[in-house]
Protein chains: 2
Amino acid sequence: MCDLVEFRHLKYIAAVAETGNFTRAAERLFLAQPSLSKQIKELEDGIGIQIFVRHHDGVRITPAGQMIVSYAIEAVKTRNEIIQAARAVHGGTIPVLRIGFSCFVQQDVLRSLSEAYASLFPGCSMQFSGGDPVQILHRMEAKSLDAAVLPLPINGEQWTVEPVASAPLVVCMRADDPLAQQTEIQPPELAERLKIFRNPEAHSEAHARLMEMLTEIGITPDVACLATTPTDIQWMVQSSSGLALIDQKTPLDPRLTTRPIANVNWTADTAFVHPLSAEHPALPVLIRHLRKVNGSKPAKHTHRRKYANDLQMKLLA
Amino acid sequence: MCDLVEFRHLKYIAAVAETGNFTRAAERLFLAQPSLSKQIKELEDGIGIQIFVRHHDGVRITPAGQMIVSYAIEAVKTRNEIIQAARAVHGGTIPVLRIGFSCFVQQDVLRSLSEAYASLFPGCSMQFSGGDPVQILHRMEAKSLDAAVLPLPINGEQWTVEPVASAPLVVCMRADDPLAQQTEIQPPELAERLKIFRNPEAHSEAHARLMEMLTEIGITPDVACLATTPTDIQWMVQSSSGLALIDQKTPLDPRLTTRPIANVNWTADTAFVHPLSAEHPALPVLIRHLRKVNGSKPAKHTHRRKYANDLQMKLLA
DNA sequence: TTCGGCCATAGACAGAAGCTATCGCACCTT
DNA sequence: AAGGTGCGATAGCTTCTGTCTATGGCCGAA
């Protein structure tokens, strides 16, 4: 019974809904108006759903019709994207997918992206290139990169942003730092010694957001040291004994350790980003896959965070 | 060019892929085998993608074909669900959607579910009924409820589970409790006084999971008081001065307060649940909507948790 | 009243999807 | 080696249906 509904009908429905008018929709579809009217009428009769209410000056959409209209627009778009991608896969004409990434993005995020791509597009290759978020966004605008994996926030309407990872933001310190005796760091303790930051030039929005968050808990830090890589940050922590905020999943120099900040629930979030005007045929399919995988997380039961390290275990014993 | 691909083709492709055999697929589709072969061949030629490799003993699927096959199966299913739902909306034959919920589910989750349903299915009504998770699962099995909003975990293969909310699990205590002087509760402090629990009979899996989590951090609590509602729990905390673990978003008696547990990241998760064999025509559409809304969270920048209450602010000042 | 915009109806035609019958091919059995 | 079996491809015909042009009806504006 649903088999009466073909993509042709969905295209017609979308056109009528968007023009609000059978005549103009027919023009847009390069179709005679009676053909269009007849098709839609027969469909409505066939499935027993009135989609449009005909008026002398155009059409209105019924509530049930609205469901079908929304679906129609999305379904036609999806079909076209899938077919384009599949044809590119078949023809072996999928261009290398050029991905930019910030060095602050964890390796495992890049690895799982890479694996997802390899399984969706077997035999197709990716090219990763690192850089500052600012520079990477510029390169995407200049079309020399197709997409990127970057820390949030990313502002601007021209980007499609799909979050892919999130980890607590923790305080990084020397393992022999007095603060390492504590299991959590209080904001006032942090305020005095937080001096090491990512270079704001590399990602000004992220820096601004971090400052805003610090202000909210009454900290106005002394931005003394600017680093451009996680390694630099760790080296600065090690040598200057200052504190830094880092992603909990960052691989850590053994002489360093991390502690959570008390009373806040800050996270370092990472997203897959590409220009709205994406051209690479794999992107729509890849984004759809990321959304599916990420959307329904395996949250079958409450999560837990294991103790971050042995030292904390000892302190609690 | 993609317009050659119609739902008819997708159905045929799915059937061939699932049977691995044109002949048997044709039987399943009540179609003559030459018609099927011809349709698929013309489609492959038309879009320029070879989907199947014909062998003397059946067919194999090409990599590009696999993309299309997966898509085909999903797309046909989606179409049917949408049309069924739309027809029910149009005919005004959408039965009342009977939702069960546990009283441990936060009101705002139920409210946003209710709003989503009202906008997707205007004019259609829902019926909420509260109860124990165990009892609600039974009522869903007995078909006297269509779906439910319940705390996780929900075990068993017969359920479709879509997480819809998550909040930290915190320690509930009297505001005048000595522990309320601290900003975080250490597990050993919790171990001594954690006595108040939800009744295990109401949701044995959740109780078991909580016990397991407590064991992981070395706590074997004395399960002294069993409550069946958040209000009961709060009354017990107030009167017995014991501690309880509750969802941070629970509306709190003003004489009580909550504190996070140090070093763990436990959450109380809530999910929309319905039987795999769901019959209510709105459910597939509703679930699809929940997944879309929930999947791409507005995680445009790093999240923060505001201080839970004024007292904590004072302690930090 | 008349004109113009919009949708519905009618009838003709071409193309596409379906059917039956048959062929070709590879493999298996005897 | 010969014949049987299972599977897909091809050919030719029929039926159905999607499209076209032409036209009619309705309503509001000029």
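This is a predicted model, so every value here is computed, not measured. Naming: A, B, ... by sequence-line order, numbering from 1 per chain.
- Proximity of B:Thr23 to the phosphate of D:dG8: a side-chain N or O atom is located under 4.0 Å from OP1 or OP2.
- Atom CD of B:Glu6 is separated from atom P of C:dA16 by 13 Å (rounded to the nearest Å).
- In summary, the side chains of B:Ser166 and B:Lys249 do not present any donor paired with an acceptor at a separation below 3.5 Å, with no hydrogens or angles considered.
- Rounded to whole Å, the distance from CZ on A:Phe22 to P on D:dG25 is 20 Å.
- Inspection of the B:Gln39 and B:His9 side chains reveals an N or O donor paired with an N or O acceptor under 3.5 Å.
- At a cut-off of 3.5 angstrom, the base of D:dT10 holds no donor-acceptor pair with the side chain of B:Lys38.
- The line from CG of B:Leu113 to CG of B:Leu290 is 6.5 Å long, rounded to the nearest 0.5 Å.
- For the 3.5 Å distance criterion, the side chains of A:Glu27 and A:Gln33 fail to qualify, holding no donor opposite an acceptor.
- Here the nucleotide nearest the side chain of A:Glu42, chosen from D:dC27, D:dC7, D:dG18, is D:dG18.
- With rounding to whole Å, A:Arg28 atom CZ is found 16 Å from C:dC6 atom P.
- Between A:Gly20 and B:Arg8, it is A:Gly20 whose nearest contact on DNA chain C lies nearer the 5' terminus.
- Atom P of nucleotide C:dT9 and atom CG of A:Leu36 are separated by 14 Å, given to the nearest angstrom.
- Atom C1' of nucleotide C:dA17 and atom NE2 of B:His9 are separated by 9 Å, given to the nearest angstrom.
- Distances shown here put a side-chain N or O of B:His56 below 4.0 Å from the OP1 or OP2 atom of C:dC27.
- At C:dC6, none of the side-chain N or O atoms of A:Arg54 fall inside 4.0 Å of OP1 or OP2 (strictly under the cut-off).
- A donor atom on one side chain and an acceptor atom on the other are found under 3.5 Å apart for A:Gln66 and A:Ser70.
- Between A:Asn21 and C:dC6 there is a side-chain polar atom (N or O) within less than 4.0 angstrom of OP1 or OP2.
- One atom, CZ of B:Arg60, and another, P of D:dG8, lie 11 Å apart when rounded to the nearest Å.
- Within 4.0 Å (heavy atoms only), A:Tyr12 reaches sugar-phosphate atoms of the nucleic acid but no base atom.
- Close to C:dA8, at under 4.0 Å from its OP1 or OP2, lies a side-chain N or O of A:Ser37.
- One N or O donor and one acceptor, one from the side chain of A:Gln33 and one from the base of C:dA8, sit under 3.5 Å apart.
- One interatomic measurement links the two molecules: CG of B:Leu29 to P of C:dA17, which rounds to 15 Å at whole-angstrom precision.
- Comparing atom distances between the B:Leu31 side chain and each of D:dC7, C:dA26, C:dG18 picks out C:dG18 as nearest.
- B:Ser35 comes within 4.0 angstrom of a base, heavy atoms only.
- Regarding A:Leu43, its CG atom lies at a distance of 13 Å from the P atom of D:dT19, rounded to whole Å.
- Atoms CE and CD1, from A:Met67 and A:Ile61 in turn, are 13.5 Å apart once rounded to the nearest 0.5 Å.
- Mapping A:Asp57 and A:Pro34 onto DNA chain C via the closest heavy atom, the residue that lands nearer the 5' end is A:Asp57.
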